[in-house]
A.B. asks: 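Here it is: the structure, laid out below.
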Amino acid sequence: MVKIYESSTEVIKDVVSGSTIMIGGFGICGIAENLLRALYNSGSDKLNLITLTAHIDGYGVGKLIDAKRVKSMIASYIGENKEVERQYFNGEIEIDLIPQGTFAERMRAQGVGIPAFYSPVGVGTEVAEGKEVRVINGKEYILEEALGADFAFVKAWKADTKGNLVYRKTAKNFNPVMATAGKITIAEVEEIVPAGELDPNEIDTPGIYVQRLVKGEFFEKKIERLTLKK
Amino acid sequence: MVKIYESSTEVIKDVVSGSTIMIGGFGICGIAENLLRALYNSGSDKLNLITLTAHIDGYGVGKLIDAKRVKSMIASYIGENKEVERQYFNGEIEIDLIPQGTFAERMRAQGVGIPAFYSPVGVGTEVAEGKEVRVINGKEYILEEALGADFAFVKAWKADTKGNLVYRKTAKNFNPVMATAGKITIAEVEEIVPAGELDPNEIDTPGIYVQRLVKGEFFEKKIERLTLKK
Amino acid sequence: MPLTKEQLANRVAKEVKSGTYVNLGIGMPSLVANYISPEIDVTFQTENGILGLGGYPTENEVDADLTNASKQTVTTLPGAAIVDSVEAFSMIRGGHIDLTILGGMEVDQYGNIANWKIPGKLVKGMGGAMDLVAGAKRVIVMMQHTSPDGKSKILKNCTLPLTGKSVVSEVFTDFARFVFENGEMILTELAKDITLDELKAKTEASFKISPTLQILE
Amino acid sequence: MPLTKEQLANRVAKEVKSGTYVNLGIGMPSLVANYISPEIDVTFQTENGILGLGGYPTENEVDADLTNASKQTVTTLPGAAIVDSVEAFSMIRGGHIDLTILGGMEVDQYGNIANWKIPGKLVKGMGGAMDLVAGAKRVIVMMQHTSPDGKSKILKNCTLPLTGKSVVSEVFTDFARFVFENGEMILTELAKDITLDELKAKTEASFKISPTLQILE
């Protein structure tokens, strides 16, 4: 059952050096910025991150990378962060780049108890190296394994006191699937409402997946590429 | 893109004898009763149904079974229909019973392009017979294949003119997953509203999965086991 | 004296802990809900998609679109979530359900359970039972110790098609409680005024006896 | 004359049919949206979760929680659905997207494409491109025919790490359109005033010429 914490500092206290952490968000849209700030302040290092991108220089995961506190990353796209590319070419960080849908599906498999599945994506590419290839109904597939983590840092819009989560627009992205795949899922939300206030039909992440909940202290909600109608 | 039809009769016109059809619903909660009525009236037979249950005698799928127009069923629980049990023991119908979660997951695999996955369910039981067994991280799993169909009969509460669907309460059940797994997904709904009236954040089945849409003519909404507070 | 169904449900209810997510099978297990202390904060899940199941509805509350896994009309509690079947089984198969309580036709000393089929006689289907025994963190079976004609249903080896292999955590019968640990079946509780010899006579399975054997009540 | 980026986008836009679901890659492919006739009823999908993508927002409409796959602020159209990443890729990997238009670093005569990595020089990651080429019903690549120093990017064999193997349906460049059919690469359109010899000189790949060769415009 979910436990509600008073502060982001307290809720991540046992996220020690060497932890493996899933971090929701598409770029910096829908990231748990308060948890990431607290993680930065905690001083934990040698972190193993599972995050779609490396965010941007000096913000979110980018700040941890700048401080050289990230040991490894499983990610899909790191094109917006120069420092991570530099560390990668210098051998200062391990990066496993995987297709974005495979990234989602491997975490989903973890959450649903599937240890491995055959995937049509990446056949005949670097992604297939070292993986079992199998022909099913005349088409080649590769075997992909479930992907879990010690912690999942999830950002939702609202939660109720039972830990049910609702996301807002595309800030949803990888947050719901990571909530199912973390051993300990920590949700940072903008608002916590009493049980019964959220419509049972509209819950995105049922409370069963959420072990810890905290109301974020401060939402900067940076925009990666502000683009306006011409 | 979705096409809106004028009647249940018209929307199922090409569901000919021998078709394989997925039928949403948990028992008779959330079944496409208008499509099933039209299918009954169409006279099509030798049907191959993928349905959680055989519904009840004389109603829904039960009516097709009574008329001996069902050749085979993939189902999970048929305890509420005496006639289907009789036909099964007499060899008049083929029935493949599979675990309910496997039933859901195999259709989901079809919808998402996964041809096969390893499952922890049914290891060491009849369900595992003839299937590959594989030890992954010290635990046994069996290989399960994707499950698709020519048609999916889906019942939703509301649709918009883009084919987006919203379900109501537990009438949701297998309808969303079947919508993704049918070659032609036919949705029967209680109301069709103009595009823009449904909240984009609350769509259960995005219109991309729905090929045909019809407003149901008449909703009986039978209750299988009316149970009241004592 | 062997326990009545109600006494058994009352005993099993004590295994339901606060802060857990529980799925109750149909039949006898559903009685358990009636005996859980109001201080226990438990959330019931149903495989048709409710997390936070409530009681049966009043006549005015009846909704054909809101049923449980037994197809009965139900209500939801404040803080409930209603999900589709894929999500409901993600909870079950992914190891997120703390406890399931199921009925059984047979249980054997290896922790195997059979409860879905009698070849040639009865074919109901396994429904969600195979998923539940494979996925729930703890699997309690509650059942009659013997068949109406007095045959043991706690066996050396199940004779009926299995629902799950080595999946049962413990089994409660009207006579006893057995716990499965490290491949062994251990008697931990015995109904009042039943002797060990009487129990053994009614039990085909081989079992060990816990050094701290207690009364089943 | 080779086509300008805008002319190329205008040509590729004609491949977008009414009633289809389309995913446009970042960079040049995103220009295509500007040239689609208003009579065409197309629904754009983005892999971060929008089905029914709209234009860029006015200053008042800007919402940090509503971006596209390029992380730009966007809007949605009436009838849009916003989904999580698992669902967005279910659409893509499950074969539900009719068409994807992607940029390429290299394409070869076997329909292979490379567009995500230059070993030792550039590592962006494949993002959703591998999923798109594997899952979309039709894969159009649009790209410059040659590198800035004049080298062919339409090759016998890709030299860069692949994004997908035998996945390209057709490739549009500033010089030509090639279609891949039954393992063969076929020239179907050629830019005005470009001779076949000129094209061959700029193209490392071997290709057949369609008997109904047309002008790329």
Side-chain angles (χ1 to χ4, degrees), chain A residues 24 26-30 52-54 56 75-80 84-85 88-89 95 97-105 107-108 119-128 140 157 167-178 204-205 219-230, chain D residues 26 46-50 54-59 61-76 82-95 112 114 116-117 119-135 161-167:
Chain A
F26 192 100
I28 58 172
C29 178
L52 184 72
T53 76
I56 50 178
S76 184
Y77 190 83
I78 54 169
E80 281 109 2
V84 79
E85 206 173 353
Y88 174 71
F89 284 123
I95 300 182
L97 288 169
I98 65 180
Q100 192 172 163
T102 300
F103 184 75
E105 197 65 29
M107 295 189 285
R108 196 239 164 218
S119 166
V121 176
V123 172
T125 75
E126 278 186 9
V127 164
E140 281 187 4
W157 182 30
Y167 305 89
R168 203 169 158 272
K169 303 190 178 178
T170 59
K172 189 186 290 188
N173 57 68
F174 291 93
N175 285 298
V177 73
M178 288 180 174
D204 293 311
T205 293
F219 290 95
E220 192 174 354
K221 283 206 186 180
K222 267 199 186 176
I223 291 175
E224 199 156 339
R225 289 188 185 159
L226 180 68
T227 313
L228 296 174
K229 192 176 185 169
K230 273 164 205 157
Chain D
I26 59 180
T46 69
E47 58 262 39
N48 66 320
I50 303 173
Y56 298 118
T58 62
E59 217 153 324
E61 289 170 329
V62 166
D63 186 338
D65 289 339
L66 188 58
T67 58
N68 64 13
S70 302
K71 290 96 174 179
Q72 296 170 310
T73 45
V74 292
T75 61
T76 55
I82 300 177
V83 299
D84 79 338
S85 297
V86 169
E87 183 57 51
F89 280 93
S90 171
M91 295 177 190
I92 293 170
R93 296 163 67 110
N112 299 329
W116 71 281
K117 188 181 183 181
K121 270 195 192 163
L122 174 77
V123 54
K124 296 188 302 177
M126 64 292 279
M130 282 197 184
D131 306 281
L132 282 162
V133 299
L162 294 186
T163 305
K165 197 179 139 191
S166 305
V167 291

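In what follows, every chain begins at residue 1, and chains take the letters A, B, ... in the order their sequences are listed. Remember, it's a predicted structure, so these values are computed and weren't measured experimentally.
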A.B. asks: Between NZ of A:Lys221 and CG of D:Asp65, what distance do you get to the nearest 0.5 Å?
C.D. replies: 3.5 Å
A.B. asks: With no hydrogens and no angle check, do the side chains of A:Ser119 and D:Arg93 hold a donor and an acceptor under 3.5 Å apart?
C.D. replies: yes
A.B. asks: If I measure from the heavy atoms of chain A, does D:Thr46 come under 4.5 Å with its side chain, its backbone, both, or neither?
C.D. replies: neither
A.B. asks: Please look at A:Arg108 and chain D and tell me whether the side chain, the backbone, both or neither of the residue comes under 4.5 angstrom of a heavy atom of that chain.
C.D. replies: side chain
A.B. asks: Rounded to the nearest 0.5 Å, how far apart are OG of D:Ser85 and CG of A:Asn175?
C.D. replies: 8.5 Å
A.B. asks: D:Leu132 versus chain A, heavy atoms under 4.5 Å apart: side chain, backbone, both or neither?
C.D. replies: neither
A.B. asks: Starting at CG of A:Leu228, measure out to CD of D:Glu61 and round the result to the nearest 0.5 Å.
C.D. replies: 10.0 Å
A.B. asks: If I take atom OG1 from residue D:Thr73 and atom CD from residue A:Glu224, how far apart are they, to the nearest 0.5 angstrom?
C.D. replies: 11.5 Å
A.B. asks: Once rounded to the nearest 0.5 Å, what's the spacing between atom CD1 of A:Ile56 and atom NZ of D:Lys71?
C.D. replies: 11.0 Å
A.B. asks: Using non-hydrogen atoms only, which part of A:Thr53 is less than 4.5 Å away from chain D: side chain, backbone, both, or neither?
C.D. replies: side chain
A.B. asks: With only heavy atoms counted, which part of D:Leu66 is less than 4.5 Å from chain A, the side chain, the backbone, both or neither?
C.D. replies: both
A.B. asks: Rounded to the nearest 0.5 Å, what's the gap from OG on A:Ser76 to NZ on D:Lys124? Could you check?
C.D. replies: 11.5 Å
A.B. asks: Indicate yes or no: at least one non-hydrogen side-chain atom of D:Asp63 is less than 4.5 angstrom from one of A:Lys169.
C.D. replies: yes
A.B. asks: Measuring heavy-atom distances to chain D, does A:Ile223 have an atom under 4.5 Å in its side chain, in its backbone, in both, or in neither?
C.D. replies: side chain
A.B. asks: Can a salt bridge be assigned to the pair A:Glu126 and D:Lys117 using a cut-off of 4.0 Å between side-chain N and carboxylate O?
C.D. replies: yes
A.B. asks: Below 4.5 Å, heavy atoms only, C-beta onward: do D:Val123 and A:Phe89 meet side chain to side chain?
C.D. replies: yes
A.B. asks: Under 4.5 Å from any heavy atom of chain D, what part of A:Phe174 do you find: side chain, backbone, both or neither?
C.D. replies: both
A.B. asks: Tell me, with the steps shown, if D:Tyr56 and A:Lys230 meet side-chain contact (heavy atoms from CB on, under 4.5 Å).
C.D. replies: CA-CA 8 Å; D:Tyr56 298 118; A:Lys230 273 164 205 157; 5.7 Å; no
